[in-house]
Structure formats: structure tokens, C-alpha cells
Participant: 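Let me begin by handing over the structure; questions about it come next.
Everything numeric in this text was worked out from a predicted model, so none of it was measured. In what follows, chains carry the letters A, B, and so on, assigned in the order in which the sequence lines appear, proteins first and then strands, with residues in each chain numbered from 1.
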Amino acid sequence: MSHPTSASADIALLLEGTFPYVSGGVSSWVNQIIRAYPEYRFALVFLGSRRTDYQGFRYELPANVVHFEEHFLHDDLHTKESPRSRRGDEAAFARIERMHEMFAPGADSKIAMREFRTVARDMMPDGKLTLEDFLHSEHAWELICDRYQRFCTDPSFIDFFWTVRIMHSPLWKLARIAEGLIEVKALHTISTGYAGFLGALLRQSRDIPLILSEHGIYTKERKIELFKSEWIRDNRNVFQRDPTELSYFRQMWIHFFEWLGRFCYDAADPIVALYEQNRLRQIADGARIERTRNVPNGIDLKRLAPLRGQRPDDVPPVLCLIGRVVPIKDIKTFIRAMRRVVNQLPEAVGWIAGPEDEDPAYAEECRNLVGSLGLEKHVHFMGFQKIDTLMPRIGLTILSSISEALPLVILEGYAAGVPTVSTDVGSCRQLIEGLDPEDRALGQAGAVVNIADPQALADAAIALLRDKARWRAASQAGIARVERYYTDNLMFDHYRDIYRTALQARPTEAC
Amino acid sequence: MLRDVLTDPTEDIRLLAYGMLDNKEKRINQAIDEELKKFGMADRQTQAGQAAARRLSDLYWELVYQELAQGDLRDHALDRSRHYCEIALEGTPDDAALNLRLGQLLSASGQAEPATTAYYKALALGLPSTRVLPYLAELRFNQGKFADARRLMNELEAWDSLPRLQPVIAFWNAK
């Protein structure tokens with residue numbers, strides 16, 4: 001497939017594992033933002049894990065995307081030249097050692113950040129710290145051995161050695177991407193993590209402004225993956241293991257992403273959160289308070305409001321989870337809840353409307369669970385569905401996620417007159433019950449339940465589906481709330497200001 | 001305890017508890033999926049079919065025993081465990097351990113009398129009292145028959161039972 005290329009653009013969007021390859025809330029948002037500003041020329045930099053993990057674009061690139069490039073961080077991590085004996089740069093490795101000492105809890109994080117900035121500069125092509133030295137030099141070996149002996153609580157040196165390598169190698173690739181990127185006037189990263197690291201490198205090396213918009217909190221989402229992942233080895237035996245202590249490798253990954261996040265917060269201004277709780281979390285994770293602000297998501301009312309007229313008179317006994325079939329959505333809790341819903345309302349069905357290709361193993365587990373709970377006739381996997389055809393046919397939108405930010409599907413449901421039952425994550429309580437007294441006075445647009453509690457989720461859904469008056473009141477509350485607080489026009493106004501300010505910034509101001 | 005932590009105000013803690021619970025449950029469910037496939041492929045009277053049924057009964061019971069399934073899901077797991085336990089009993093009606101399992105399942109579903117019968121059958125088939133009587137005592141306790149529970153615990157005193165049970169036996173035997 002040929003992609004647009006250009007020698008320059010206004011804004012570079014740094015996209016890690018999202019638009020245009022993956023569909024979902026963040027991707028829809030990116031699509032919305034690009035299309036809202038036809039006056040700006042966008043360059044897209046997509047960062048993925050491995051090329052084989054992505055099949056084709058899920059979105060058509062808008063006409064104002066003048067440049068697209070993609071990079072896969074875990075492909076081709078080896079160096080171009082064959083390994084040979086090398087000592088490595090003494091000063092550069094001494095700095096790495098100092099930086100890691102300063103990363104320890106309680107050390108001065110300002111000094112650590114200063115060291116981090118210098119190390120990042122050294123990692124750029126032509127810098128003193130090359131990938132070849134990291135992979136093959138004596139200094140690197142000595143540093144790894146030393147840190148293993150001093151800190152590693154897991155007995156396996158081999159696992160430690162490879163964890164260090166796999167974790168850090170993509171950073172050199174990002175440095176090369178930073179070096180090669182076309183000329184742009186401003187940078188906009190949609191997460192911290194690797195994309196945020198790239199943004200901060202570019203901010204530092206080119207002296208152009210970096211905008212950070214975080215939907216979820218990247219560091220937090222990585223933690224969830226890491227807590228759940230079984231591929232991280234834990235070689236401690238029964239005597240070495242303290243059940244309250246995470247495996248050392250898990251901790252290493254968590255600290256790694258925490259520091260990538262801090263590096264990005266240090267470089268970005270403004271730092272945008274979707275809602276208050278996340279803004280506070282950013283501050284707790286190292287963002288400077290005066291740089292942070294909230295800009296909630298908004299949806300296109302004009303498109304969705306007419307769907308209300310297409311609804312049947314009776315509430316369809318259809319519970320619909322709209323979202324990717326991935327562990328963070330905790331689809332299994334929804335499936336389990338359906339066991340009780342069907343016990344109580346035999347005519348009810350559960351729809352799972354979302355792509356299953358992102359984590360095929362998890363999708364398989366979900367299908368098996370449907371089988372082992374005997375729900376084959378009541379729970380259907382629909383694949384990706386258009387909101388417009390889905391909304392008039394369902395009774396409730398369901399979110400069983402263990403983590404969310406400000407999910408668009410709740411707002412889209414409201415606009416189409418569909419209330420929601422959601423877990424108490426991210427901004428969901430705020431969306432369902434309202435934030436300030438004026439908002440709360442609009443009423444409850446559904447129900448909020450604890451995470452991983454299928455029984456409570458089922459009971460809340462049953463209560464709404466069985467009581468028509470209650471359902472109607474929730475539907476009205478949702479409509480009123482989305483119309484007043486969550487339209488796309490409000491959001492576009494905020495970002496118009498943000499982009500204008502960034503593009504007008506002179507180099508000295510950007511610092 | 002992990003389940004209580006799911007509502008902890010700190011998100012990291014909630015997520016850690018969720019991850020731990022999820023991993024436990026995932027392991028059991030994966031094993032269930034594998035055994036279901038084996039069971040589906042084998043004739044239920046064959047050795048392979050019987051072995052799969054027995055494993056399935058164990059695994060569904062594990063979901064209940066480890067409190068990984070609650071409410072309707074617990075009922076479902078109990079129902080499945082019993083279904084496969086009965087299939088296994090068709091092949092080996094005089095298997096003492098299977099009769100004990102049947103007793104536990106019936107007891108957990110509130111069917112006291114059939115549970116009692118199954119427990120006594122397990123005893124008659126040679127299971128030591130220390131493995132059966134605590135469950136029988138629990139059943140009597142849940143029925144509100146405290147004198148019977150005490151009598152059963154007294155019987156246990158005569159046995160060298162598991163050290164873990166000793167404090168319970170001592171409590172019930174206190175004069």
C-alpha cells in the first residue's frame with residue numbers, strides 16, 4: 001500500500017498502537033480531531049509492536065494527512081554490523097549508571113531527569129551511546145552484571161539479561177525515527193510510553209512544542225498488562241518468594257514505563273487529560289500542575305440524535321458491550337453476568353460488538369467461556385459494528401472494563417437514547433451520575449457497579465430492563481447530559497486554541 | 001480476601017487483586033476447556049471419557065472451593081461439577097472419593113439428606129473418618145443441628161486428625 005509522504009507538515013501526531021491500524025475509542029478520537037481541522041496538514045507517525053500484529057488500515061486517512069510513516073518497535077532490533085569486541089564509551093556508561101542510581105525511590109528526581117535528558121541525547125544517531133555499545137560492549141556487560149548482583153531478587157541472570165535488552169533496544173530505534181522525521185512545526189502525542197519518549201526526544205532535539213493528550217494513563221494501562229501477563233518470568237522458589245512482592249522483572253517493566261512517562265511529562269506542554277481524576281494522576285506521576293488541563297471527549301449529536309426516532313416502543317432486551325475484545329475490557333465479566341441475566345430474563349441476549357483480532361487468544365478464552373456457561377444461544381460475537389445500525393436495536397450499553405478513561409460509547413449511547421451500566425472506572429461514574437450538583441440534577445443515566453462483579457452487573461441491568469419507567473428516566477437523563485456537557489463542538493474549540501498556541505510558539509517560548 | 005480488595009480506593013491495588021484473581025480463574029478455566037474437548041471426543045463409558053468427566057467435576061468444584069465463582073455462577077459450577085460427578089459415578093459407583101465429592105456438591109446446594117447418604121456411603125467404602133466427618137459436621141451445623149455437629153467432632157477426637165483441624169475439634173469438645 002502506498003502512503004502519502006511529504007517534506008513538511010504542520011503537526012506530527014505520534015500514535016502508538018492506535019489509529020489507523022486499530023479501531024477503538026482513541027482511534028475514533030484521532031480521526032475526529034484530524035478531520036476537524038482541515039486547515040492544518042498532519043504527519044502521522046505510527047508505532048507498533050511487530051508488523052505481523054497489524055492487518056490493514058481500519059480508517060481511511062483524511063485528506064489533510066500529508067505524510068504517513070510506520071515503525072515496528074520489536075522488529076529488526078539487531079544491529080546492522082556483526083558483533084565485535086568493543087569497550088564502549090566510558091563517560092556515557094558512567095552517566096547511565098548515575099541515572100539509574102537517581103531513579104531509586106527517594107533520590108532527587110530533578111537530577112535524574114537532567115541525567116535522563118543527557119542520556120537521551122547520547123542515544124541519538126552520532127551520539128556517544130550507540131545501540132552496538134549497548135548490545136555488545138564490555139561496559140554494558142559490566143553494568144548489567146553489577147546491577148544484577150546488587151539489586152535483582154530473581155535468581156535467573158539469563159532472564160535479567162534479556163529483559164534489560166528487550167526493554168531498552170526500541171529506544172535506539174525511536175532515536176533513529178526522531179532523527180529522520182520530516183520537518184514539522186508542532187508535535188502531538190496521544191500517549192506517553194514509547195510515543196511519548198519519541199515526542200520528548202523530538203522536542204529536545206528540534207526545539208518545537210510538544211502537546212500530550214492522554215486518554216487512559218499509559219503507565220497505568222501498562223501496569224494492568226504487566227500484572228496480568230504470564231510471560232514475565234518469576235524464578236524465585238518457595239523460600240525466596242514473598243507473596244506481597246511483585247516479581248522483579250514485573251517491577252523493572254513498571255519502573256521503565258514510569259520513567260518514560262516522566263520524561264514525556266517533562267517535555268510536554270500542555271498536558272491534557274480527559275477528566276479530573278486523570279489530571280490528578282498525571283500530577284502524581286510527575287506532570288507539572290500548571291501545564292495540565294482537562295478537555296473531555298465530545299460526540300457528534302447531529303449524526304446520532306436522529307437514531308432515537310428509529311427505536312421500537314418496547315425496550316429491546318439486548319445488552320450490548322461495544323469495544324475491542326481485549327483483557328482490559330474484561331469481556332469475561334460481561335459473559336458471566338449474562339449467565340444470571342438469562343436465568344432471570346430468558347429472552348435477553350448479550351452482544352459483543354467489537355473486533356477480536358487484537359488479542360486472538362483472549363477472544364478464544366471468551367468464546368470458550370460462553371461455551372462452558374452454556375450461553376451459546378444468548379451471547380453473540382458480532383465483530384466490528386456501525387454505531388448507527390446498532391444503537392436503535394439495543395436496550396443498554398454495557399461496560400465491564402477494569403480500566404477506562406472517558407468512553408465515547410457511553411456518550412454515543414446517550415445521544416441515541418440508550419442508558420448504560422458500567423463498572424466504576426475512569427470517568428464512568430461522572431458520566432452516569434453527574435459531576436457537580438447541576439449535572440447530578442439531570443438524573444442517573446444508568447447504573448455503576450464494581451469491577452469484576454458479574455452478579456451486581458447483571459442485577460443492575462435486569463432492574464433497568466424490567467422497569468420501563470426507570471429505563472425511560474435513565475434514557476432522558478443521558479440525552480440531557482450529553483447535550484449539555486459532551487458535544488464535539490466544545491472539544492474542537494479547546495483543541496483549536498491548543499493548536500493555534502503551539503503553532504505560534506517561537507522556539508524560545510517553546511522551551 | 002482478594003475479592004474484598006477489588007473495591008479498594010487505590011486503583012493500583014484493585015488492579016493487582018484483579019490480576020491475581022483473574023490468573024487463578026484463568027488457569028482453571030483453561031483446564032476446563034481442555035477437558036471439555038477430551039470429553040467431547042471420547043465415549044463417556046470409555047476410560048478416557050470417565051477420566052475427563054472426573055477431571056471436569058474436580059475443576060468445576062475448584063471454582064466453587066476457591067470462591068472464584070459467586071451467585072449464579074457458583075450455582076452453575078456446582079451444577080456442572082455434579083453433572084460430571086454423576087457421569088463418573090455411572091462408571092465407578094463404588095469410588096469412595098467420588099461419593100465424598102457428590103456429598104459436598106449436594107451439601108453446597110442445600111440438599112442435606114442426599115448429601116448425608118453420599119457421605120455415609122463414602123465412609124462405608126473405606127474413606128477415613130477424618131476426611132468425611134468434618135464435612136458431615138459442617139452439614140449438621142448448617143442445618144442448625146448443633147448437638148449432632150458436636151457429637152461428630154467428638155468422634156473425630158479419637159482420631160489423629162489433621163493438625164489444622166485440632167483447634168476446631170478442641171472448640172467443640174470444650175466442656
Participant: Just verifying a value: how many Å separate A:T423 OG1 and B:L6 CG, rounded to the nearest 0.5 Å?
Facilitator: 11.5 Å
Participant: Working to the nearest 0.5 angstrom, can you tell me the gap between B:Q70 CD and A:R340 CZ?
Facilitator: 12.5 Å
Participant: Can you tell me how far the CD atom of A:E365 sits from the CD atom of B:E25, to the nearest 0.5 Å?
Facilitator: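 It comes to 8.0 Å.
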Participant: Please report the shortest heavy-atom distance between A:P327 and B:Y18, naming the atom on each side.
Facilitator: O-OH, 4.4 Å
Participant: Non-hydrogen atoms of chain B under 4.5 Å away: do they reach the side chain of A:D330, the backbone, both or neither?
Facilitator: both
Participant: Side chain from CB out, backbone as N, CA, C, O: work out which of these in A:N368 comes under 4.5 Å of a heavy atom of chain B, or both, or neither.
Facilitator: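 Backbone plus side chain of A:N368, per the 4.5 Å heavy-atom cut-off to chain B.
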Participant: Is the CD atom of B:E90 crowded by more than 12 outside heavy atoms at less than 6.0 Å?
Facilitator: yes
Participant: Heavy-atom count around A:E347 CD within 6.0 Å, excluding the residue itself: above 12?
Facilitator: yes
Participant: Nearest 0.5 Å, please: how far is CG in B:L56 from OG in A:S372?
Facilitator: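 One gets 10.0 Å once the value is rounded to the nearest 0.5 Å.
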Participant: With a cut-off of 6.0 Å (strictly less than), are more than 12 heavy atoms of other residues, nucleotides or ligands near CZ of A:F103?
Facilitator: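 Yes - once you tally the heavy atoms of other residues, nucleotides and ligands closer than 6.0 Å, there are more than 12.
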Participant: Return all side-chain donor-acceptor pairs below 3.5 angstrom for residues 102-112 of chain B, not counting sequence neighbours, or 'none' if the list is empty.
Facilitator:
from	atom 1	to	atom 2	distance (Å)
B:Q104	NE2	B:Y135	OH	3.3
B:S109	OG	B:L105	O	2.7

Participant: For the CZ atom of A:R339 and the CG atom of B:D75, what is their distance to the nearest 0.5 Å?
Facilitator: 10.0 Å
Participant: Atom CG of B:N29 and atom CG of A:L373: how far apart are they, to the nearest 0.5 Å?
Facilitator: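 Answer for the CG-CG pair, B:N29 versus A:L373, is 7.5 Å.
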